[in-house]
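This is a predicted model, so every value here is computed, not measured.
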Amino acid sequence: QVQLVESGGGLVQAGGSLRLSCAASGRTFARYAMGWFRQAPGKDREFVAGISWNGGRTYYADFVEGRFTISRDNGKNTVYLQMSSLRLEDMAVYYCAADSNGLGTRSSLDYEYWGQGTQVTVSS
């Protein structure tokens, strides 16, 4: 089993940057693909970015447009989401998730474990 704890959210001005972190418990972290999702008020949860078990494959939602970078450090059991050029529409609760498949997927249904989320607020 994997427990996930996100951190790094907060208030940032439009155009600014934030780095989210997701710390995982358990010695099997390196086997899991990891994903970041987000959910804004009144909207469905949506995929943001994903990374395979060894970091060899990364993939992003179209709306990212090169502004975000997902990475992982298996030695630290942590996955990151570096976000830059933040927009008002990026404001949401961001969740990390773990998928035992290892290769990763854009579907939230395939992720078995979820963190509690971290709030990202973007001001104009």
Side-chain angles (χ1 to χ4, degrees):
Q1 195 165 5
V2 177
Q3 292 185 323
L4 305 172
V5 179
E6 301 96 335
S7 61
L11 174 64
V12 63
Q13 284 191 325
S17 299
L18 279 177
R19 188 176 81 155
L20 306 183
S21 299
C22 174
S25 65
R27 289 179 284 181
T28 59
F29 172 76
R31 300 179 187 175
Y32 288 81
M34 299 298 295
W36 285 97
F37 291 77
R38 70 185 188 184
Q39 187 167 20
K43 295 187 177 180
D44 293 334
R45 188 171 299 189
E46 62 180 351
F47 170 78
V48 177
I51 188 167
S52 61
W53 67 277
N54 64 351
R57 175 175 176 252
T58 59
Y59 42 102
Y60 299 91
D62 289 343
F63 62 77
V64 169
E65 297 180 337
R67 300 178 297 126
F68 299 174
T69 301
I70 188 171
S71 62
R72 67 189 297 161
D73 184 337
N74 287 346
K76 295 182 178 180
N77 279 15
T78 302
V79 63
Y80 305 97
L81 184 68
Q82 178 67 49
M83 304 187 294
S84 60
S85 301
L86 283 162
R87 305 167 179 166
L88 294 177
E89 55 264 39
D90 293 319
M91 185 160 57
V93 177
Y94 283 70
Y95 300 89
C96 70
D99 172 16
S100 62
N101 174 274
L103 295 178
T105 170
R106 297 169 185 266
S107 173
S108 62
L109 298 176
D110 294 324
Y111 289 81
E112 296 105 313
Y113 303 104
W114 292 82
Q116 83 290 347
T118 186
Q119 176 71 49
V120 172
T121 302
V122 183
S123 64
S124 59

Check your understanding: Applying salt bridge (Lys or Arg N to Asp or Glu O under 4.0 Å), which residue pairs with at least one partner in residues 58-71 are found, sequence neighbours left out?
Key -> Glu65-Arg87, Arg67-Asp90
Practice item. State plainly whether one hydrophobic cluster holds both Tyr94 and Ile51, where clusters connect Ile, Leu, Val, Met, Phe, Trp and Tyr through side-chain heavy atoms under 4.5 angstrom apart. Key: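 Shared cluster, yes.
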**Study point:** More than 12 heavy atoms of other groups within 6.0 Å of Gln116 CD
**Key:**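 Check passes, neighbour count above 12.
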Minimum heavy-atom separation for [X] to [Y], with atom names?
X: Ala40; Y: Ala92; answer: N-CB, 3.8 Å
X: Lys43; Y: Gln39; answer: O-NE2, 3.1 Å
X: Met34; Y: Leu4; answer: CE-CD2, 3.9 Å
X: Ser85; Y: Ser17; answer: N-OG, 4.4 Å

Practice item. Take Gln119 and Met91, measure what side chain to side chain contact (heavy atoms under 4.5 Å, CB included) needs, and give me the verdict at the end. Key: CA-CA 8 Å; Gln119 176 71 49; Met91 185 160 57; 4.1 Å; yes
Exercise for review: Go through the side-chain N and O atoms of Ser123 and Gln13 and say whether any donor and acceptor fall under 3.5 Å apart.
Suggested key: no
Point to revise | Distance-only side-chain donor-acceptor flag, Ser108 / Asp110, under 3.5 Å | key: no
Review point. Between Tyr60 and Val48, does a side chain to side chain contact (heavy atoms under 4.5 Å, CB included) hold up when you go through it step by step?
Key: CA-CA 6 Å; Tyr60 299 91; Val48 177; 6.0 Å; no
Ignoring hydrogens and geometry, is there a side-chain-to-backbone donor-acceptor pair from [X] to [Y] under 3.5 Å?
X: Thr121; Y: Leu11; value: no
X: Asn101; Y: Tyr32; value: no
X: Ser107; Y: Thr105; value: no
X: Asn74; Y: Asn77; value: no

Any side-chain heavy-atom pair of [X] and [Y] under 4.5 Å:
X: Ser71; Y: Gln82; value: no
X: Gln1; Y: Tyr113; value: yes
X: Trp36; Y: Cys22; value: yes

Exercise for review: Go through the steps to decide whether Phe47 and Tyr59 satisfy the test side chain to side chain contact (heavy atoms under 4.5 Å, CB included), and finish with yes or no.
Suggested key: CA-CA 10 Å; Phe47 170 78; Tyr59 42 102; 3.4 Å; yes
Under 6.0 Å from the ring centre and within 45 degrees of the ring axis: does the NZ or CZ of [X] meet both conditions for the six-membered ring of [Y]?
X: Arg31; Y: Phe29; answer: no
X: Arg72; Y: Tyr80; answer: no
X: Arg38; Y: Phe63; answer: yes

Practice item. Using the side-chain contact (heavy atoms from CB on, under 4.5 Å) rule, pick out the option among Val12, Leu20, Val64, Val122 that qualifies with Met83. Key: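 Testing each of Val12, Leu20, Val64, Val122 against Met83, the sole residue satisfying side-chain contact (heavy atoms from CB on, under 4.5 Å) is Leu20.
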Practice item. Report the residue from Thr118, Leu81, Val93, Val79 that forms a side-chain contact (heavy atoms from CB on, under 4.5 Å) with Glu6. Key: Thr118
Exercise for review: Under the side chain to side chain contact (heavy atoms under 4.5 Å, CB included) rule, what do Leu88 and Ser124 come out as? Steps first, then yes or no, please.
Suggested key: CA-CA 7 Å; Leu88 294 177; Ser124 59; 4.1 Å; yes
Review point. Is the distance between the ring centroids of Trp114 and Phe37 less than 6.0 Å?
Key: yes
Check your understanding: How is the hydrophobic cluster of Leu109 composed, in terms of its other members, when Ile, Leu, Val, Met, Phe, Trp and Tyr link through side-chain heavy atoms under 4.5 Å apart, directly or indirectly?
Key ->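 Reading the cluster by chain and number, Leu109 sits alone, since nothing else belongs.
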